[in-house]
Amino acid sequence: MCGIVGYVGQKDCAPILVEGLRRLEYRGYDSAGLAVHTGRGVEIVRAVGKLSNLDAALKKNPLSGTTGIGHTRWATHGRPSEANAHPHVAGHVAVVHNGIIENHVQLRRDLESRGVKLQSDTDTEIVAHLIDEAMRQGRTRLSEAVRTALGHVRGAYAIAVVSGDAPDEIVVAKQDSPLVLGIGENENFAASDIPAILAHTRDIILLHDGEMAVLTASHVEISTLEGTRITREHKRIDWSPMQAEKGGYKHFMLKEIHEQPRAIEDTLRGRVDLPNADVVGAEIGLSAELAQRVSRVYFVACGTSAHSAMAGRYWVEQLARIPSTLEIGSEVRTRDPVFVPNDLVVAVSQSGETLDTLAAVKAAKAAGAHVLAVTNVVDSAIARASDGALYTHAGPEIGVASTKCFTSQLAALLMLAIYMGRRRGTLDTDGAHRVLDALWRVPAQMREVLARGEDIKAIAKKYLRTRDMLFLGRGTEFPVALEGALKLKEISYIHAEGYAAGEMKHGPIALIDEDMPVVVVCPRDNQYDKTFSNMEEVKAREGQLIAVCTEGDEDVRALCFSDAAPRSSTRGILSAAEPDVITIPEAANEVQPLLTVLPLQLLAYYMADLKGTDVDQPRNLAKTVTVE
Ligand code: AGP
């Protein structure tokens, strides 16, 4: 999730661009750069690391001009380096880009076959060369060259383009990545997000997918990529800068919960080959040969990542029929574990920096195991220490409590299991197509579940004063139950415990009484009947049932009805009327965890917010635990 800024007007643009990029730092940065039309053509300055490094580079090489573009990079293709930093230049053209070009491999081959020498590992540089080629093939207007170039491109992009041949204009285009235009007095702006331009104008235009615009100091001309002119109403933004960074949400965590459909779309992008019912190997970080040879998959992770890894373990066993195990990172180091060369160790880590997981990776490497990192940060320590990496494309996660990275990890691990099952012949075409088709539909179904936030908030209000909460699930809903309990613990400070539903009768059932809320994750899956029985056991002991189930499941709703009169208890008034049920759409067993976790994330969020805790930075917690 990179940050783009563009300016064309009467003022010296470099300071405006840098300040705009600073407002987008929450979108992640591992490098940054500017391209400014200085009168001597377009000149660029780039720097690796924080924006302050770009500031320093600009002091050494100032760029003066009134037309320019800027970029902060969150690497998806190619490690963080100056060569991979944006803007990327080809001929007289400079481009900044946010998104993922799906057909970048083929486009790169085509360019190289035409003698083009690419200087970076990025997908963005390819777009710059395509635009430059179009200019040299006689497209007289920069916008026409951009239109021609994008005709070859598949994937997600928000781009801004400047050219030495068009000193007073910026061309922008949008497909599946955000891009807003800011309308000023004799100046106009483009940016990935509103915070970058709020200091200059509150008058914005939101570009839609498949649209582009030509910005000059006095004019903004919008059209479709096919060339049809468009008029678009301006919007007035009355957010504060901080509200703008949160996209109008109260907390980053809530914004990130609602970003999950996009995060899954970006994580799946370019990797799902539905026509062939397969996963694209180039993006998985594991060779076909090794996928066939592996004799054990050993997942290692911490916290929320351990929960996604647990689901991954179930899927690898179910779909690839490989013996799999899950170890908590900190425990691996206390056990003197036995790794063997045919082990595939899968290290799951949002940050890619968790010391407990990194130490386990190093132990596995030392023992000759092959290590695959599943992480959200390109070139992170765990990615660098591993033999290969499968990147989630969730974008930076600011809230300490992980949400969008959890579901992105689930999507990545399910793709890994499918990839391995297809190579080992344990997953046939129909089976793979069924799961991939279900996975492809998850983002839209997530949006349906997230639209039920107010119902979930109403349930949260009922249990605000509870001191304990039990979360139960079976199969891949067991890690979902663990994750729901962790979310509640870490942001509301209410004690919560996740348990395998089948394990309740071995002890935890003693906890059940009218004061114990029990959240049961009970979608229509292959464990439904047993989990439903667990719900009946809770009900028989007056436990307060909260259920996550499949739409239309009247049996669960009936069971959750509390027929007692409204009661007060030591922990607040419990309504007797409305059953506490949150539903998810019908979905294949394998993808249900990506949906059932959403109500638990929102339940934890609303209980914490209503309690008034610091949701984004809960007490005692750090976003990345780089200590033992
Ligand atoms: C997530 O909500 C927690 N903040 C924490 O458990 C986290 O998942 C854990 O520290 C592992 O982090 P990682 O994914 O970056 O390795």
Side-chain angles (χ1 to χ4, degrees), residues 28 74 251-257 259-260 263 267 299-312 326-333 345-362 371-386 389-413 471 479-494 496-498 597-598 600-605 607-608 613-628:
W74 171 269
H251 295 103
F252 277 111
M253 181 179 175
L254 187 59
K255 178 185 177 196
E256 287 155 5
I257 286 173
E259 278 180 344
Q260 290 181 101
T267 299
F299 289 90
V300 60
C302 302
T304 284
S305 296
H307 301 153
S308 64
M310 184 186 284
L326 163 69
E327 299 293 342
I328 302 298
S330 56
E331 282 304 295
V332 169
R333 307 173 68 200
V345 172
V346 179
V348 184
S349 174
Q350 177 277 128
S351 62
E353 300 293 338
T354 298
L355 187 65
D356 288 333
T357 307
L358 178 59
V361 164
K362 289 178 177 172
V371 181
L372 173 67
V374 176
T375 183
N376 197 46
V377 183
V378 173
D379 210 41
S380 55
I382 290 172
R384 288 199 306 275
S386 302
L390 167 47
Y391 288 112
T392 53
H393 292 153
E397 191 173 62
I398 312 299
V400 167
S402 186
T403 50
K404 64 176 182 174
C405 286
F406 174 69
T407 47
S408 300
Q409 288 167 350
L410 290 177
L413 291 167
F471 289 73
V480 171
L482 291 170
E483 177 60 12
L486 176 61
K487 288 282 104 36
L488 186 64
K489 273 187 282 227
E490 64 179 333
I491 63 173
S492 76
Y493 316 147
I494 293 170
E497 200 166 6
V597 74
L598 303 178
L600 307 190
Q601 293 171 341
L602 286 170
L603 180 66
Y605 170 78
M607 288 180 74
T613 57
D614 185 345
V615 170
D616 282 333
Q617 273 137 14
R619 67 186 182 195
N620 311 333
L621 286 181
K623 183 61 185 170
T624 303
V625 183
T626 55
V627 294
E628 287 193 306

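Worth knowing before you read on, the calculation uses all heavy atoms, side chains too, and leaves out hydrogens, waters and symmetry mates. As the structure lists them, so they are numbered: ligands from 1, and atoms in each ligand from 1. Every value quoted in this text rests on a predicted model; they were computed, and no experiment measured them.
Residues F252 and V615 fail the side-chain proximity criterion, which asks for heavy atoms closer than 4.5 Å.
The closest donor-acceptor contact from the side chain of D616 to the backbone of M253 lies under 3.5 Å. Of the possible polar contacts, one joining the T407 side chain to the K404 backbone as a donor-acceptor pair under 3.5 Å is found. Judged purely by atom type and a 3.5 angstrom limit, T375 uses its side chain to pair as donor or acceptor with the backbone of S349.
Distance from atom 12 (O) of ligand 1 to its nearest protein heavy atom, with residue and atom name: T354 OG1, 3.4 Å. Nearest protein heavy-atom contact of atom 3 (C) of ligand 1 is E490 OE1, 3.5 Å. For atom 10 (O) of ligand 1, the closest heavy atom belonging to the protein is V625 CG2, 3.9 Å. Among all protein heavy atoms, the one lying closest to atom 11 (C) of ligand 1 is C302 O, 3.4 Å.
Taking any N or O of Q409, backbone or side chain, none lies under 3.5 Å from an N or O belonging to ligand 1. Not a single N or O atom of G352, backbone or side chain, sits closer than 3.5 Å to an N or O atom of ligand 1. Among the atoms of Q350, some N or O lies under 3.5 angstrom from an N or O of ligand 1. The shortest N/O to N/O separation between T357 and ligand 1 does not fall below 3.5 Å.
Residue E353 qualifies as enclosed at atom CD: its count of foreign heavy atoms under 6.0 Å is above 12.
The ligand atoms of ligand 1 that sit less than 4.0 angstrom from a heavy atom of A401 are 2 (O). Listed by atom number, the atoms of ligand 1 under 4.0 Å from V400 heavy atoms are 2 (O), 4 (N). Close contacts between ligand 1 and T304 involve ligand atoms 1 (C), 2 (O), 6 (O), 8 (O) [criterion: under 4.0 Å to a heavy atom]. In the vicinity of S402, heavy-atom distances shorter than 4.0 Å reach the ligand 1 atoms 1 (C), 2 (O). Atoms of ligand 1 lying under 4.0 Å from at least one heavy atom of S305, given by number and element, are 8 (O), 13 (P), 14 (O).
Among I257, L488, L254, the single residue meeting the side-chain contact (heavy atoms from CB on, under 4.5 Å) criterion with Q601 is I257. For the side chain to side chain donor-acceptor pair (under 3.5 Å) with S402, the lone residue among Q350, E397, E256 that qualifies is E397.
Contact annotation: K487 has at least one heavy atom less than 4.0 Å from an atom of ligand 1. Distances shorter than 4.0 angstrom do not occur between any heavy atom of L621 and any atom of ligand 1.
No donor-acceptor contact under 3.5 angstrom links the side chains of T403 and Q260, judged on distance only.
Here the closest non-hydrogen pair linking I382 and V361 is CG2-CG2, 4.2 Å. Nearest heavy-atom pair across Y493 and R619 is OH-N, 2.8 Å.
Within the 4.0 Å heavy-atom criterion, neither part of E353 lies near ligand 1.
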